[in-house]
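Before any comments, here is the structure.
Quick note on labels: first sequence line is chain A, next is B, and so on, each numbered from 1. Only this structure's heavy atoms are used, side chains among them; waters, hydrogens and symmetry mates stay out.
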Amino acid sequence: MAFSPSAPSPSTTQPQSQPLLPHKLDTIRSMDELKQIQAAILKTPSLQSPPVLAKILSFRALSSPQHIAHARSLLAHIDNPSLLLYNTVFRSLSRSTRSSVSASIMLYEDMLQKDLRPDSFTFPYLLKLFANSRALQAGEALHAAAIKTGLHANVYVRNNLMSLYAVCGKVRAVQKLFDGFPERDLVSWTTLISGYTKAGLAKEAVKVFEEMTSEKNLRADGVAMVAVLSACAELGDLELGRNLHRYIGAREVDMDVFVGNALVDMYSKCGDVDSAHQLFNKMPVRNVVSWNSIISGLVDNREFKQALELFRRMQGEGIEPDAFTLVGMLNSCASLGALELGQWVHAYISKNGVEADGITGNALVDMYAKCGRIDRAMEVFGRMAHKDVVTYTSMIVGLAMHGRGEEALELFAVMSSAGVKPNEVTFVGVLSACSHAGLVDVGLRHFESMSAAHGLAPQIEHYGCVVDMLGRAGRLDEAQDLISSMPMEPDAFVWGSLLGACRNHGDVALGETAAKRLLDVEPQEEGAYVLMSNLYAAGNRRSDGLRMRKAMRANKVRKTPGCSLIEIDGVIHEFRKGEELHPQAKEVYAMVDEFARRLHIDSPPDEARHHSERLAVALGLIGTRPGTPLRIVKNLRVCRDCHSVIKSVSRLYNREIVLRDRYRFHRFKDGRCSCNEFW
DNA sequence: TTAGGGTTAG
């Protein structure tokens, strides 16, 4: 307003300032203002030019049904509106992802009423609008109309039809349209490729790309590259991905930010997170999607600390995180057990008006559950308006992980009565709830109901859960029978569960079988050797135990490097064996020394060789802050030495220590974990 | 005035 101190207030802005109207249109702030300007325009036919009307009609709020109705009445008052004007309205509606389909159809019918016939622009706009809402039926009706007018042969109309069928997952219809006419351009090929990817047929998508580039000798552009890279990411085929990357260089495909992002995503999904990171660092232009791609890539590849560092760097560069970023961060926090950072993300979400619903809400529930705050997880869950299968599943898995099996099963019942259909992952939660609650027969019934009542084929994870459940209950014969009835090769988890059960129940003979099979699938892991030598020791077969240890050395089995993570004042610190190599570990040691100085401990343990000694000191010193339970979180597995340290620190300092493993939380009090398992 | 592209949850 500083530039026009004498400008009238909106309520006095009147039609008399006609020459200013088009300019005024750029600053419309409310529907009231818009209505005033409309009234002015309706009175003055000379102002009814397509650009002016188009501006009014593309006011962003016009995409809601009421406002499209408003546009209809405006058009009804104009003498002989042109097809161009209708097309302009459809264009602006097609640019919003929230335009009402039914209101748009009415507008289209008005147009027909006025004896205006759709042309090769009308159909693409409307088809795009329908595609945005996945309105398949409306799209099919329009397809029929296009055939009637003969415009279905137009390449723009056809490509838009293909695109609509593609987003609706109707890849056969896409292929049919592609095959139906000889005239195809790069857009047709690209739409077909992405149609296959969207339908989960990534191999087909790659085949189409190969046919296009080698047989038809068409040169791919950036958009086509993005489409095929996304198929390649889906396949996780690194070799193919590298070839595609080389193609971009060899054929001089323009490397825009989309292509860069797709490459980053492809490399992370194919497991080559280093290449992804290098590429990201070299990108001349990055947007928020670039950051999201590398962050989620690092999270997927379990590089959580690097993901957090990138998030900080992103903020340092002033890039605003969006919902994708926040979900990526929440996943990272969940895996790290980084509760404080997770809470910070939650606060950020609330402060910035991001809805804690949908995927964001689901990620919050999961984060709180995995960070040991099942109460907060339930709070977020309770407030969510749209609970889908993932929401329920996250909560069920979370409850099971916290040893609250009965509640998990109750929630499963609630979910069913709410009409939300369970999927395979839900059953992993349900079965592990039964396993931890010791409800073996209930679990077996659920397992049977998977295929019988829900049409879900049990996967290897489900067999693993049931073997584990039977094993814990000492029903080793049934566990063994189930394994022999499996339609797929049992994996390490299945054999490991059986072996663990044999150790707990002292069945040496079956344990030997299980250990043999475990070594077949996982020869380089220490688990089978260690469990088996424990089993021999318990059965007073020391010489056999020794034999296992020797075999382990002979086979050059590397002990799994222990990796412990601890959150201290919201900062995650990593402890690994061979700690001198880890700068993070050094930071912690420096902090420990500082604590020691403050507490006048004479000899900070510089000389301590093994990191567990340092950890003990760290825990002990941190434990001197009264009233704070110690939170230990872990990544891969807490090494054996850390176990004993945790136990003894808990006893020594009489502190509660919470430790998370892959399956549940352990609360150590006075050196003992209440669940009495695993450790 | 027209078409095809990248990142998120259990």
Side-chain angles (χ1 to χ4, degrees), chain A residues 50-51 54 58 82-92 94-95 119-128 131 151 154-164 166-167 174 185-195 197 220-231 233 256-266 268-269 287-297 299-300 321-331 334 357-367 369-370 388-398 400-401 422-429:
Chain A
S58 60
S82 62
L83 180 62
L84 176 61
L85 190 52
Y86 272 100
N87 282 348
T88 312
V89 176
F90 289 134
R91 184 185 58 170
S92 71
S94 75
R95 286 179 182 169
D119 65 3
S120 64
F121 292 90
T122 323
F123 282 122
Y125 291 139
L126 278 170
L127 287 167
K128 176 152 198 212
L151 279 168
N154 177 286
V155 71
Y156 281 95
V157 175
R158 217 146 25 80
N159 288 344
N160 270 293
L161 276 167
M162 284 173 67
S163 172
L164 174 103
V167 298
V174 182
D185 59 10
L186 189 54
V187 178
S188 322
W189 284 93
T190 309
T191 312
L192 184 61
I193 293 170
S194 75
T197 312
D221 65 358
V223 185
M225 284 321 300
V226 170
V228 70
L229 281 168
S230 133
D256 65 7
V257 67
F258 277 82
V259 177
N261 294 346
L263 280 168
V264 168
D265 180 53
M266 178 280 291
S268 339
K269 295 233 167 87
N287 59 16
V288 67
V289 180
S290 325
W291 289 92
N292 293 345
S293 301
I294 188 65
I295 289 175
S296 64
V299 174
D300 283 347
D322 64 6
F324 284 82
T325 328
L326 298 171
V327 169
M329 290 316 301
L330 287 171
N331 291 338
D357 216 323
I359 293 176
T360 316
N362 293 344
L364 273 171
V365 169
D366 182 51
M367 181 278 289
K370 293 220 172 107
D388 62 9
V389 58
V390 180
T391 322
Y392 280 105
T393 303
S394 309
M395 201 64 241
I396 289 169
V397 170
M401 197 192 255
N423 63 19
E424 286 90 346
V425 190
T426 319
F427 275 99
V428 172

What does [X] touch in the nucleic acid at a heavy-atom separation under 4.0 angstrom: a base, only the sugar-phosphate, or nothing?
| X | value |
| --- | --- |
| A:Val365 | nothing |
| A:Asn287 | base |
| A:Ser163 | sugar-phosphate |
| A:Gly297 | nothing |

Closest listed nucleotide, where the reference is the side chain of [X] and the choices are [options]:
| X | options | result |
| --- | --- | --- |
| A:Val389 | B:dA3, B:dT7, B:dG10 | B:dG10 |
| A:Asn362 | B:dG4, B:dA9, B:dT7 | B:dA9 |
| A:Ser293 | B:dG10, B:dT2, B:dT7 | B:dT7 |
| A:Asp185 | B:dT8, B:dT1, B:dA3 | B:dA3 |
| A:Val223 | B:dG5, B:dA9, B:dG10 | B:dG5 |
| A:Val226 | B:dG5, B:dG4, B:dA9 | B:dG5 |
| A:Tyr125 | B:dT7, B:dG5, B:dT1 | B:dT1 |
| A:Thr426 | B:dG10, B:dA9, B:dG4 | B:dG10 |
| A:Leu186 | B:dT2, B:dG4, B:dG5 | B:dG4 |
| A:Arg91 | B:dT2, B:dG10, B:dG4 | B:dT2 |

Looking at [X] and [N], is any side-chain donor or acceptor paired with a base atom of the opposite kind under 3.5 Å?
| X | N | value |
| --- | --- | --- |
| A:Asp256 | B:dG5 | yes |
| A:Asp221 | B:dG5 | no |
| A:Asn159 | B:dA3 | yes |
| A:Thr190 | B:dG4 | yes |
| A:Ser394 | B:dG10 | no |

Nearest whole Å is fine: how far is [N] [atom2] from [X] [atom1]?
| X | N | atom1 | atom2 | value |
| --- | --- | --- | --- | --- |
| A:Leu164 | B:dA3 | CG | P | 15 Å |
| A:Phe324 | B:dT7 | CZ | C1' | 5 Å |
| A:Phe121 | B:dT1 | CZ | C1' | 6 Å |
| A:Phe90 | B:dA3 | CZ | P | 16 Å |
| A:Leu192 | B:dA3 | CG | C1' | 14 Å |
| A:Asn87 | B:dT1 | CG | C1' | 7 Å |
| A:Leu330 | B:dG10 | CG | P | 10 Å |
| A:Asp357 | B:dA9 | CG | P | 17 Å |

Fill in: Check against side chain to side chain contact (heavy atoms under 4.5 Å, CB included), A:Val264 and A:Ser290
CA-CA 8 Å; A:Val264 168; A:Ser290 325; over 6 Å; no
Practice prompt. Identify, with sequence neighbours excluded, every residue that meets side chain to side chain donor-acceptor pair (under 3.5 Å) alongside A:Asn423.
Written response: A:Thr426
Discussion item. If we ignore hydrogens and angles and just use 3.5 Å, is the side chain of A:Ser230 paired with the main-chain N or O of A:Val226 as donor and acceptor?
Written reply: no
Worksheet item: Do A:Asn160 and A:Ser163 get their side chains close enough for a donor-acceptor pair, meaning under 3.5 Å?
Response: no
Worksheet item: Taking atom types as modelled and ignoring hydrogens, do the side chains of A:Thr391 and A:Asp388 form a donor-acceptor contact shorter than 3.5 angstrom?
Response: yes
Discussion item. Please determine whether side chain to side chain contact (heavy atoms under 4.5 Å, CB included) holds for the pair A:Asn159 and A:Asp185, giving the CA-CA distance in whole Å, both sets of side-chain angles, and the decisive distance to 0.1 Å.
Written reply: CA-CA 9 Å; A:Asn159 288 344; A:Asp185 59 10; 3.2 Å; yes
Discussion item. Strictly below 4.0 Å: does A:Lys370 bring a side-chain N or O up to OP1 or OP2 of B:dA9?
Written reply: no
Worksheet item: Does the pair A:Asp265 and A:Ser268 meet the rule for a side chain to side chain donor-acceptor pair (under 3.5 Å), with working shown?
Response: CA-CA 5 Å; A:Asp265 180 53; A:Ser268 339; 5.3 Å; no
Worksheet item: Is there aromatic stacking of A:Phe258 against B:dG5, centre distance under 5.5 Å, plane angle under 30°?
Response: yes
